[in-house]
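Below, read A as the first sequence line, B as the second, and so on, with proteins coming before strands; counting in each chain starts at 1. Worth knowing before you read on, the calculation uses all heavy atoms, side chains too, and leaves out hydrogens, waters and symmetry mates.
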Protein chains: 2
Amino acid sequence: MRLMARPVVHTDSLRQELLVVTADLVDRDGPARVTLRDVAAAARTSTTAVYSLFGGKSQLLTAVVDDGFRSFRDSQLAASPGGLQSLGVAYRDWALQHTSLYRLMFGGALAGYVDCQPSPEVAADAMEPLLDAVASAQAAGNLLEAPTEVVAVAIWGQVHGLVSLELAQVGPPDADWAAAYGAALDAVARGWAA
Amino acid sequence: MRLMARPVVHTDSLRQELLVVTADLVDRDGPARVTLRDVAAAARTSTTAVYSLFGGKSQLLTAVVDDGFRSFRDSQLAASPGGLQSLGVAYRDWALQHTSLYRLMFGGALAGYVDCQPSPEVAADAMEPLLDAVASAQAAGNLLEAPTEVVAVAIWGQVHGLVSLELAQVGPPDADWAAAYGAALDAVARGWAA
DNA sequence: CCTTGTTTCATAACAACGTTACGAAACAAG
DNA sequence: CTTGTTTCGTAACGTTGTTATGAAACAAGG
């Protein structure tokens, strides 16, 4: 029989708590101002918990980013019935409702400031609604017959780029981002129409 | 007459040297691994120089980013005679040749990991070739008559998004980015055609 | 009930970073 | 040579991620 010792506190529920608390801090103060000490204090534990449950700060942030991609996929799934345009609108809506998380998800990996690249399968899952929409639009003869993945990646990039320029506030200071986004969605639709 | 004291070493040429050295380090090790001590050592000076010449690390990085936008604008200007498609190709070429810098320019601001947002007028200058190309294509009747700035921002975003997804390696692991980019440029052209 | 043994985790130490404060270095003037 | 002033390299500080240490917590055996 196994010798039981001090009871385990670094359990899976604390893991969840740490994820929530970290996501909150990221959303409130931005990724840069999130420290392990703050995370631990907010979860009423010590920094050791992060190391025993995640392995370190980058793995914690990676887990937060993965959760972000899952939440994003859910919102895409909900918008799926509306077709491609609806996916595009939902994309920006989600990003504007989770600005800091979106910035961490894409900007973090881009800048290389944290080693928090999303797990490939999670990112792939997030892209699935778009892939399906592209495939069915192609099947219906409404979309160009280029390889589905190529079309989907291209559309994703076009949509992501506008949102990320808007969030980074790079570009003309008085830019009308909503108008630009709407016009871009229309252009995307026209550009890929069969 | 002014009382001369210890000769000035923190001169403008040292400022340039610091910019070059920092850009080198960013390009070699990525923005995250650049420390002021390394920068100072590489420029054979002390960290004080960064503070007296720039004010701090964020201002140094901002200056590097601004230089990046200027170099980017030069490459866009060189591609200007080829029209919109040529600008698009040059965009990705420059990004792939200055990956770390590009990541810092856009990912840094997006992730908020450093306070290094580009100076607005420098970013605006970088966008000028695109604005001009859009304006003249509109004048020639080849492009939609939506507000020039809206069209330009939308196109920039579409192009930037694909490049940034490629650099961040977010997306399908076996994605054919070159193909996706080429197809996207064609789609952009079709989508905004008059 | 106390001792022993084992596991678990909070605290404290460590190294590295950005930043600031200090004081030596370097030269003009008297 | 001394004094005065400016300049900048060195060293100190506070904070960060990470690691090491030892106390806390409980089961088993006497």
Side-chain angles (χ1 to χ4, degrees), chain A residues 1-19 21-22 25-26 28-65 104 108 111-117, chain B residues 1-19 21-22 25-26 28-65 104 108 111-117:
Chain A
M1 154 146 195
R2 193 148 132 19
L3 182 63
M4 292 305 282
R6 179 172 168 172
V8 176
V9 180
H10 290 180
T11 152
D12 196 73
S13 85
L14 178 60
R15 199 190 128 96
Q16 295 301 112
E17 169 88 7
L18 281 172
L19 279 176
V21 160
T22 306
L25 286 180
V26 167
R28 171 157 60 236
D29 305 333
R33 305 213 179 281
V34 172
T35 74
L36 288 191
R37 285 171 173 84
D38 287 350
V39 167
R44 273 186 291 259
T45 177
S46 71
T47 59
T48 309
V50 173
Y51 287 88
S52 78
L53 287 173
F54 294 92
K57 188 183 187 183
S58 21
Q59 288 94 332
L60 170 64
L61 287 181
T62 299
V64 169
V65 164
L104 177 64
Y113 249 87
V114 231
D115 187 13
C116 67
Q117 280 189 328
Chain B
M1 157 149 193
R2 190 145 139 10
L3 181 64
M4 293 304 284
R6 180 171 168 171
V8 176
V9 181
H10 290 179
T11 154
D12 195 72
S13 84
L14 178 61
R15 200 189 129 95
Q16 294 301 113
E17 169 89 7
L18 282 172
L19 280 176
V21 160
T22 305
L25 286 180
V26 167
R28 171 159 57 235
D29 305 333
R33 304 210 179 283
V34 172
T35 73
L36 287 191
R37 285 171 173 83
D38 286 350
V39 168
R44 273 187 291 262
T45 178
S46 70
T47 59
T48 309
V50 173
Y51 287 88
S52 77
L53 286 172
F54 294 91
K57 189 184 188 183
S58 18
Q59 288 93 332
L60 170 65
L61 287 181
T62 299
V64 169
V65 164
L104 178 64
Y113 250 87
V114 229
D115 186 14
C116 66
Q117 280 189 328

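- Checking dG17(D) for Watson-Crick or G-U wobble geometry (two distances, each under 3.5 Å) identifies dC14(C) as its partner.
- For T45(A), taking side-chain heavy atoms from C-beta onward, the closest of the listed nucleotides dT11(C), dA12(D), dA10(C) is dA10(C).
- Between dT8(C), dC26(D), dC17(C), one nucleotide has an atom nearer to the side chain of V8(A) than all others, and that is dT8(C).
- Here the rule is side chain to side chain contact (heavy atoms under 4.5 Å, CB included) with L53(B), and of Q16(B), H10(B), Q59(B) only H10(B) fits it.
- Backbone-only engagement by V34(A) is indicated by non-hydrogen atom pairs under 4.0 Å involving sugar-phosphate atoms exclusively.
- Spacing between atom CG of L36(B) and atom P of dA16(C) amounts to 16 Å, rounded to whole angstrom units.
- Atoms CG (L60(B)) and P (dC17(C)) sit 15 Å apart, rounded to a whole Å.
- Looking at R6(B), its side chain has no donor and acceptor atom pair within 3.5 Å of the base of dT6(D).
- Summarising the geometry, the separation between CG on L18(B) and P on dG9(D) is reported as 11 Å, rounded to the nearest angstrom.
- If you measure from atom CZ of F54(A) to atom P of dG17(D), you get 15 Å, rounded to the nearest angstrom.
- Between T22(A) atom OG1 and L18(A) atom CG the span is 6.0 Å, to the nearest 0.5 Å.
- Rounded to whole angstrom, the span from the OH atom of Y51(B) across to the P atom of dT20(C) amounts to 6 Å.
- Taking every side-chain heavy atom of K57(B) into account, dC17(C) is the closest of dA25(D), dT10(D), dC17(C).
- The nearest whole Å value for the distance from the CG atom in L53(B) to the P atom in dG9(D) is 10 Å.
- No side-chain heavy atom of R15(A) sits under 4.5 Å from any side-chain heavy atom of T11(A).
- Looking at Q117(A) and T62(A), their side chains never come closer than 4.5 Å, going by heavy atoms from C-beta outward.
- Pair check for dA21(C) finds dT10(D); Watson-Crick or G-U wobble, both atom distances under 3.5 Å.
- Between the CZ atom of R15(A) and the P atom of dT8(C) there is a distance of 18 Å, given to the nearest Å.
- Annotation: of the two residues near DNA chain D, R37(B) and D38(A), the 5′-most nearest-nucleotide partner is R37(B).
- Of the candidates dT10(D), dC17(C), dT16(D), dT10(D) carries the atom nearest the S46(B) side chain, counting heavy atoms from C-beta on.
- With DNA chain D read from its 5' end, the first of the two nearest nucleotides for T47(B) and P7(B) is the one closest to P7(B).
- At dT11(C), none of the side-chain N or O atoms of T48(A) fall inside 4.0 Å of OP1 or OP2 (strictly under the cut-off).
- Going from atom NZ of K57(B) over to atom OG1 of T35(B) covers 7.0 Å, rounded to the nearest 0.5 Å.
- The nearest whole Å value for the distance from the NE2 atom in H10(A) to the P atom in dA24(D) is 16 Å.
- Nearest to the side chain of A5(A), among dC17(C), dG9(D), dT6(C), sits dT6(C).
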